[in-house]
Undergrad: 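Encoded as structure tokens, here's the structure I'll be asking about.
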Number of protein chains: 2
Amino acid sequence: MTTHLDEYDRKLLAQVQNDARIPQNELGTRVNLSTAAVNRRLKRLSEEKVIERYTAIVEPGAVGYPLMIVVTVEIEREQIDLLDAMKRTFAACPQIQQCYYIAGEWDFVLVLVVRNMDQYNDLTRQLFFGNNNVKRFKTLVVMDRVKAGHNVPVHIDP
Amino acid sequence: MTTHLDEYDRKLLAQVQNDARIPQNELGTRVNLSTAAVNRRLKRLSEEKVIERYTAIVEPGAVGYPLMIVVTVEIEREQIDLLDAMKRTFAACPQIQQCYYIAGEWDFVLVLVVRNMDQYNDLTRQLFFGNNNVKRFKTLVVMDRVKAGHNVPVHIDP
DNA sequence: TCTGAAAATGGACCTTT
DNA sequence: AAAGGTCCATTTTCAGA
């Protein structure tokens, strides 16, 4: 397990989740640390994989993927090798942004972006109709991305 | 609409989605541009909001939020002010990472992270049972985060 | 925490198409 | 005009004392 995170670490994480390009001296003034201390802490947080990675969030519409779709998938049999193959297939599909394996009525939730409905139809053929371990799936078309991101609350209480 | 993106832009976007901390001279050698050209293009992509923002991805388990849950929500009435109020409530909840307003059987899909089931129960009271515009909701507990991110495919064909 | 070297960013200016 | 390249000043990072 990770070394316990103190309040400085939490404040830093809150900041860099919002904006990863704030310079370390500015972070220092915001959280009341020297630049060097900020530098060491961020380095440690990356090394310990508390910070997994840094990324640029691209607006899908701007690059020609204006349509977002959530899909729930039920499979036929939860045989381990079939399951793993399925996970690999989903993970390898560039249009699939997120894939979660879940407990309950459904087995997978996918979040994906596509150019248009035609492309989504093609994908359903490849991923679902073309896979005889898929029992059924349900398509939920996103009308409004109200909130998107992977920000994790880092404060003690809430 | 945005100025058309050329192949350089697409290559740069692919790179910075994977790792936003690659220095611009390294990006330059990878895509065959000078550092200054890379700098100018990234600046433009940010200004045009093709790049929405830069962020650090934090591992939820490392900060005490090991449990991820997907929730589908059906509401009673799609009255515009009620809907907006609901969106604001969901957007303001720090445990909710993503909130999508969708067409079809359900009205919202939420992706959230919590410390444990107790905290999730508390949240359901606040967000769902405590809101009389929520007709019903379904809880999908994530067992495996197979793939997570917001990477958008940036290449022309696929 | 402070200091300084090395690295990275980003603007000025000139050249090419 | 639009975009690339080189050069250089400023800013940022990051390690040693």
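A note on names: the letters A, B, ... follow the listed sequences, proteins ahead of strands, and every chain is numbered from 1. The structure presented is a predicted model; accordingly, all values stated were derived computationally and were not measured.
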Undergrad: Using atom CG of B/Asn39 as one end and atom P of D/dC8 as the other, report the distance to the nearest whole Å.
TA: 18 Å
Undergrad: Rounded to the nearest Å, what distance is computed from the CZ atom of residue B/Arg44 to the C1' atom of nucleotide C/dG10?
TA: 16 Å
Undergrad: Which whole-number value in Å describes the distance from A/Gln24 CD to C/dA8 P?
TA: 13 Å
Undergrad: From the options C/dT9, C/dT1, D/dT12, select the nucleotide whose nearest atom is closest to the side chain of B/Thr35.
TA: C/dT9
Undergrad: Output the rounded distance in Å from CG (B/Leu42) to P (C/dG11).
TA: 13 Å
Undergrad: Looking at D/dG4, D/dC14, D/dT12, which one has an atom nearest to any side-chain atom of B/Arg21?
TA: D/dC14
Undergrad: Is the A/Phe90 to A/Phe108 ring centre distance short of 6.0 Å?
TA: yes
Undergrad: Looking only at the side chain of B/Lys43 (C-beta and beyond, no hydrogens), which of the listed nucleotides C/dG11, C/dT1, D/dA3 gets closest?
TA: C/dG11
Undergrad: What contact category does A/Ala36 fall into here, base, sugar-phosphate, or nothing, at under 4.0 angstrom with non-hydrogen atoms?
TA: base
Undergrad: Salt bridge or not for B/Asp9 and B/Arg44, using N-O below 4.0 Å?
TA: yes
Undergrad: Any Lys/Arg nitrogen of A/Lys138 or A/Glu105 sitting under 4.0 Å from an Asp/Glu carboxylate oxygen of the other?
TA: no
Undergrad: B/Glu26 has an atom CD; how far is it from atom P of C/dA7, in whole Å?
TA: 14 Å
Undergrad: Quickly work out the B/Arg40 CZ to C/dC13 P distance and round it to whole Å.
TA: 14 Å
Undergrad: Which nucleotide, D/dT12, C/dT1, D/dT6, lies nearest any side-chain atom of A/Ser34?
TA: C/dT1
Undergrad: Quick one: A/Asn25 CG to D/dC14 C1', roughly how many Å, whole number?
TA: 13 Å
Undergrad: Round to the nearest Å and state the distance from B/Ile22 atom CD1 to C/dA8 atom P.
TA: 12 Å
